[in-house]
Protein chains: 2
Amino acid sequence: MENRDVDRTLSLMWRRVLGTPQGSRGPKQRFSVDEVIRAGIAVADEEGLPAFSMRKVADRLGLKLMSIYTYVPSRDELIGLMVDEVMGEPELTPHAGDWRERLTVVARQMWDEFHRHPWLLQVEQSRPWIGPNGSDRWEWQLAAIEGAGFTDLEMDQTITLIGDFTGASARADVAALRTAEQSGITDLEWWEVNAPVLERLMPPAAYPISGRVGTTAGEEYNAVRDSERSFRFGLERILDGLEVLLTSGRRPRS
Amino acid sequence: MENRDVDRTLSLMWRRVLGTPQGSRGPKQRFSVDEVIRAGIAVADEEGLPAFSMRKVADRLGLKLMSIYTYVPSRDELIGLMVDEVMGEPELTPHAGDWRERLTVVARQMWDEFHRHPWLLQVEQSRPWIGPNGSDRWEWQLAAIEGAGFTDLEMDQTITLIGDFTGASARADVAALRTAEQSGITDLEWWEVNAPVLERLMPPAAYPISGRVGTTAGEEYNAVRDSERSFRFGLERILDGLEVLLTSGRRPRS
DNA sequence: CCTAACTCCGTATGCCTTACGGTATTTGGT
DNA sequence: ACCAAATACCGTAAGGCATACGGAGTTAGG
């Protein structure tokens, strides 16, 4: 990636700060970059990232396909801009309560966001775009545990841990929701269709533990999985583990 | 999804158990389903899932594109079969040591696997295929914590937690490795190109905490991120948190 | 008032999956 | 021994995608 591309990318990301460097010669653009980004978000919200295409963005704006490329250099770039745009949606409310409550808010915000914009989980960012909203968010997330007693390194690792885990849980939950919706068949119905076949294929003797655990979980969840509950379980364990780190005594306030 | 499709899907998955129901009339197939699956894995290993195509699988076997469809009903199905095939690669060694060590082995096995077959992280399984190797693995993973004092429900949630977290960490690590390899530019070089631009865009006063933390982390990691280290950090926290759950006293052996 | 710069778009290239129909091959049944 | 059914393999085409390129129309600076 050339230096010029870096500039092009970043100047779109930070267009609020830099202003839009509109050359003044030719005709004015019919839309703004922001409108293109918002149209992109709408398409992705409705159809998911695999079905997201430049043509659909263009159609939504009443432009023809290739005109989109005068606003944005490529599909990947547009997606990067969409991501940072979305990062700016939730208000970064001042932190309150102890660090456990604060981290819970941080995690819950991400969880909600992944449900509002499931395509975020499908973005493959080769190199992370550094945009204004993402940067503000990262600052806010770190602020949640500032002064709790972590070292700088641990702060970085802690937010990464919370984010990674929340993303993975949300991914499972969103996948389950989407499948249920698309196939028009509930988890339970699916199971009822497959169970007889699987019972023939999987002798209980070969799966003593998963058989027992699966039955218990199925009865308790009233479904094959309950991702929301797994998320709460995991988050509590992680918070407990962080507390152990903080109270293990070997730690002078850095 | 019709009942017949369920059968078709599952009978391919469990072909070892069921035998291949080869009608005996026409010409024999030149290859086996297993060879197709292995060719698919080779393609995915080399080029990743986005570049994975039926044509490449066919080319690798010396078949023409459409012939693949006589072995496997669709691309998605083939990917499902590839996943279960890969799940059978590592040996499920008998568990030894305490539950912490065992869970570490479980997590490390997944971590390694995601690095051996990074495309696993790109698979969007709408409904999870239940195959023999995946089932055996799940049984083995649960066995790692059998008798440690968890309830059945907690066993399910614990393995899910370890798996989710490991997947997310591996995703970050693999993405970083791939980017470094593809762009031929290291994290550090990328930073050196971008830093001057970003310094202009991001006034330090607006990012006091992330500035400080980022500097510390950068010096310590000798890179922007160190996913391997974040993985070890997160895993330790999670294991600590699970230990809290087990030793909190409120727990009669279920 | 002319021309440089710019927007918008038509066309083309080269990918992808998969539906469909044709042809060659093998074998069970007669 | 021969025919017909079943099957594997493949050619073609439809309908999708990103994006390179060049042309036509529009605007404003000099």
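Just so you know, these numbers come straight off a predicted model, no measurement behind them. To find a chain, count down the sequence lines: A is the first, B the second, and so on, and within it residues start at 1.
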Spacing of A:Phe31 atom CZ relative to C:dC6 atom P, expressed in whole Å = 21 Å
Modelled atom types, side-chain donor and acceptor of B:Thr160 and A:Arg225, under 3.5 Å | yes
Side chain to side chain donor-acceptor pair (under 3.5 Å) partners for A:Arg229, two or more places apart | A:Glu220
Are B:Tyr71 and D:dC9 close enough that a side-chain N or O sits under 4.0 Å from OP1 or OP2?
-> yes
Gap between atoms CD1 and C1', on B:Ile68 and D:dG11 respectively (whole Å) = 16 Å
Whole-Å distance, A:Tyr69 OH to C:dG10 P, equals 15 Å
Could you state the CE-C1' distance from A:Met66 to D:dC17, rounded to the nearest angstrom?
-> 13 Å
Crowded around A:Arg60 CZ? As in, over 12 foreign heavy atoms under 6.0 Å?
-> yes
B:Arg178 side-chain N/O to B:Ala175 backbone N/O, donor-acceptor pair under 3.5 Å = no
In whole angstroms, the gap separating P of C:dT17 from CG of B:Leu78 amounts to 10 Å
B:Gln29 has an atom CD; how far is it from atom P of D:dA6, in whole Å?
-> 17 Å
Nearest 0.5 Å, what's the CD-OG1 distance between B:Gln109 and B:Thr166?
-> 10.5 Å
Report the distance from atom CZ of B:Arg75 to atom P of C:dT18, rounded to the nearest whole Å.
-> 8 Å
For A:Arg75 and A:Phe52, indicate whether the former's side chain and the latter's backbone hold a donor-acceptor pair under 3.5 Å.
-> yes
Is the side chain of B:Asn133 donor-acceptor paired with the backbone N or O of B:Asp84 at a distance under 3.5 Å, no angle test?
-> yes
Rounded to whole angstroms, how far apart are CD on B:Glu77 and C1' on C:dT17?
-> 15 Å
Phosphate OP1/OP2 of C:dC8: any A:Thr70 side-chain N/O under 4.0 Å | yes
Of all heavy-atom pairs between B:Ser169 and B:Ser227, which one has the smallest distance, and what is that distance?
-> O-CB, 4.4 Å
Which residues within residues 38-65 of chain B lie with some heavy atom under 4.0 Å of an atom in DNA chain D?
-> B:Leu63, B:Lys64
Do the side chain of A:Trp14 and the main chain of A:Ile130 share a donor and acceptor less than 3.5 angstrom apart?
-> yes
Report each atom pair, protein N/O against N/O of nucleotides 25-29 of chain D, whose distance is under 3.5 angstrom.
residue	atom	partner	partner atom	Å
D:dT27	O2	A:Arg25	O	3.0
D:dA28	O4'	A:Arg25	O	3.3
D:dG29	O4'	A:Arg25	NE	3.3

